[in-house]
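Inspection log for the structure reproduced underneath, given as structure tokens.
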Amino acid sequence: MSLTARIVIPVTGRLIDVPTGLFINNKFVASVDSEELIHVINPATEDSICSVVAGSVKDIDVAVAAARKAFNTSWGKNVSGFERSRLLNKLADLIERDQQKLAEVESLNNGKPVKLARSEDVSGSISCLRYFAGWADKIYSPLPLLHGIICDCGQTIEIDNKTKMAFTKHEPVGVCGQIIPWNYPIGMWGWKVAPALACGCTIVMKPSEITPLTALMLSELIVEAGYPPGVVNTIPSLGSIGGAALSSHMGVDKVAFTGSTLTGRKIMEAAARSNLKKVSLELGGKSPHLIFESANLELAANWACLGILFNTGQDCTAGSRLYVQDTIYDKFIALLVEKAAQLMVGDGFDEKSGAGPVVSKAQYDKIWSYIESGKTQGAKLILGGQKRPGKGYFVDPTIFTEITRDMKIVQDEIFGPVLSVGRFKTEEEAITLANDTSYGLGAGLHSSDASQCMRVSSTLEAGTVWVNQYNILSDNVPFGGMKQSGIGRELGSYALKEYTEVKAVHWNFGEEPEWPL
Ligand SMILES: NC(=O)C1=CN([C@@H]2O[C@H](COP(=O)(O)OP(=O)(O)OC[C@H]3O[C@@H](n4cnc5c(N)ncnc54)[C@H](O)[C@@H]3O)[C@@H](O)[C@H]2O)C=CC1
Ligand code: BAL
């Protein structure tokens, strides 16, 4: 089988050659023992784009061995922070050069609008690489105010100034398995790869089997940037095969995952049963979004729409439970419906589309089963909720009101453009409703009362709280979940902790041992 596919980009007719093999030791290769393929689909048309090699358990073994060898020889502790920084910046420059091509393939495979794939996903990945390039040569140095506390970085510790001292070093964890989802294939690639490479780790990346193409294109840039063979390896594979193999692999030192809470649980179990590898998990959410009566309602309605409709609702922090104070409820709902109805859901190659189809038939069926459950469980449908005729996994903005806590649309992560709206009377009631979930990823509140913003933001059980905005992230601010939304943090200096081990070196320069005792 050829290990390249020629893809025709819609509208422009541009031809792009995409690698379709497994990427190991800087080369695209076939599986060592399997003929299985992953068929990649355009969710806007349901047409086939191409097929890529599906990695087997043995292929994961080969990739892990390559990553181990690189860690012990050409990478790991053998390369200076300055060089890791230079390479990350080079990689960012190459992605910037290829941003249009990457955005087009991302759109074709995931469905999201090309303009957003370019301005959010690709450019977010570039800035993330540059941010962590800045850290690469500073990780081991003493920075007394890292994280605002003293001191999670290299320290010299005086023990006895005549005979003994100690110092700490932050060393790369080793070989990292990175398992990423399909909602932000390039974005999640950047969030995982950038801190790992900055810290000196090597990588076996498993992209989602639904969206493997851009991770393979980015692998080509790994070679061009000048990374030694084996530093980054990419194995498209089914989760139950490649993902499970990485999580249970005795040669993997850490696994980093973004995806469902169900799969996160399996990964943690596999890690515990194998070699107790380090685990970081960025999981699901059912994030609350609170609108208080003093809020700027126009702006809050825009943020509420962005919160649930961006990326067609396929976002771990989607603000899928909206609670509105009763005094402004009717006015706000009218604004919300008017604004949500303005979203053009269409083909990602249509410049007018603000959102694309959902990513797959499985996701489409899941979302519709929730919409049906909302109807049958007695919620009031006030927008959308009707299937479109024709091809493509399109779901229009859908809003339910008159919800109760037992409804599936209120309890479960839907991962689609489906909003459940409830009402509250008091601040206490709003907080109780917001925290009534096993998840704790994101939360938002809108109010013009600063002390209310402070009170409520400190009571919400979420790793990220947005005040008078929603879903805005920054490379230098940590991101992750409380409760069943995850373990660990990505982005910011906190991400460095996930990819380093601290070693304490005790140094004796004079004391003689008391022996025999
Ligand atoms: N937090 C987030 O950003 C995401 C949440 N989800 C949620 O999960 C739901 C189901 O979507 P899926 O694609 O099935 O999510 P998933 O969590 O199963 O898939 C995410 C990644 O995990 C891998 N995976 C699957 N099974 C695995 C296993 N046993 N061991 C290791 N890796 C494994 C997949 O191949 C993929 O790369 C969505 O409807 C949504 O609610 C999905 C994607 C991203
Ligand atoms: N929005 C951040 C990452 C995610 O949705 O998976």
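Counting starts at 1 for both ligands and their atoms, in listed order.
- A side-chain N or O of Asn471 and one of Thr317 form a donor-acceptor pair less than 3.5 Å apart.
- The neighbour count for Lys278 NZ, taken as heavy atoms of other residues, nucleotides or ligands under 6.0 Å away, is above 12.
- The single protein non-hydrogen atom nearest to atom 41 (O) of ligand 1 is Glu413 OE1, 2.7 Å, given as residue, atom name and distance.
- Judged by distance alone, the side chains of Lys192 and Thr258 do bring a donor and an acceptor atom under 3.5 Å apart.
- Between Trp191 and Phe479, the ring planes lie perpendicular to each other; the angle is over 60°, past the 30° to 60° tilted range.
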Between Trp466 and Leu473, is a side chain to side chain contact (heavy atoms under 4.5 Å, CB included) present by the stated rule, with each step listed?
CA-CA 10 Å; Trp466 286 284; Leu473 297 171; 3.6 Å; yes
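- Counting heavy atoms only, Trp182 comes closest to atom 42 (C) of ligand 1 of the residues Trp182, Tyr184, Phe257.
- Considering both main-chain and side-chain atoms, Ser237 never comes within under 3.5 Å of ligand 1 through any nitrogen or oxygen pair.
- The single protein non-hydrogen atom nearest to atom 39 (O) of ligand 1 is Lys366 NZ, 2.6 Å, given as residue, atom name and distance.
- For atom 19 (O) of ligand 1, the nearest protein heavy atom is 4.0 Å or more away.
- Residue contact check: Asp315 has heavy atoms under 4.0 Å from atoms 1 (N), 5 (O) of ligand 2.
- Counting only heavy atoms from C-beta outward, the side chains of Pro195 and Glu490 never approach each other to under 4.5 Å.
- Taking a cut-off of under 4.0 Å to the non-hydrogen atoms of Lys206, the atoms of ligand 1 that pass are 34 (C), 35 (O), 37 (O).
- Numbered from 1 in the order shown, with element, the atoms of ligand 1 that lie under 4.0 Å from a heavy atom of Ile179 read 21 (C), 22 (O), 23 (C), 31 (C), 32 (N), 37 (O).
- Counting atoms of ligand 2 from 1 in the listed order, those under 4.0 Å from a heavy atom of Cys316 are 1 (N), 2 (C), 3 (C), 4 (C), 5 (O), 6 (O).
- Contact annotation for atom 13 (O) of ligand 1: protein present (non-hydrogen atoms, distance under 4.0 Å).
- Between the side chains of Asn110 and Thr211, no donor N or O sits under 3.5 Å from an acceptor N or O.
- The shortest N/O to N/O separation between Ile210 and ligand 1 does not fall below 3.5 Å.
- Nearest protein neighbour of atom 24 (N) of ligand 1, counting heavy atoms only, is Gly239 CA, 3.4 Å.
- Taking only nitrogen or oxygen atoms, main chain and side chain alike, Phe479 does not reach within less than 3.5 Å of ligand 2.
- By the 3.5 Å distance cut-off applied to N or O atoms, Ile267 is not counted among the residues near ligand 1.
- Contact of the Pro288 side chain with the Leu433 side chain is not registered, since no non-hydrogen atoms from C-beta on lie closer than 4.5 Å.
- Contacts between Asp315 and ligand 1 below 4.0 angstrom, taking non-hydrogen atoms only, are absent altogether.
- Geometrically, ligand 2 and Asn183 share a nitrogen or oxygen pair separated by less than 3.5 Å.
- Between Trp182 and Phe415, the ring planes are perpendicular. Angles over 60° get that label, and only those under 30° would be called parallel.
- Annotation: Tyr184 places no N or O atom under 3.5 Å from an N or O atom of ligand 2; distance criterion only.
- We find the OG1-OH distance between Thr214 and Tyr184 to be 14.0 Å, quoted to the nearest 0.5 Å.
- Residue Thr258 has at least one heavy-atom neighbour below 4.0 Å for each of these atoms of ligand 2: 6 (O).
- Looking only at heavy atoms of the protein, atom 32 (N) of ligand 1 is closest to Gly243 CA, 3.5 Å.
- On a distance-only criterion, Glu209 and ligand 1 share at least one N/O pair closer than 3.5 Å.
- Of all protein heavy atoms, the one closest to atom 29 (N) of ligand 1 is Lys266 CD, 3.8 Å.
- Residue, atom and distance of the protein heavy atom nearest to atom 36 (C) of ligand 1 are Ile180 O, 3.6 Å.
- Put simply, part of Glu282 is less than 4.0 Å from ligand 2, judged by heavy atoms.
- At least one N or O atom of Gly259, backbone or side chain, sits closer than 3.5 Å to an N or O atom of ligand 1.
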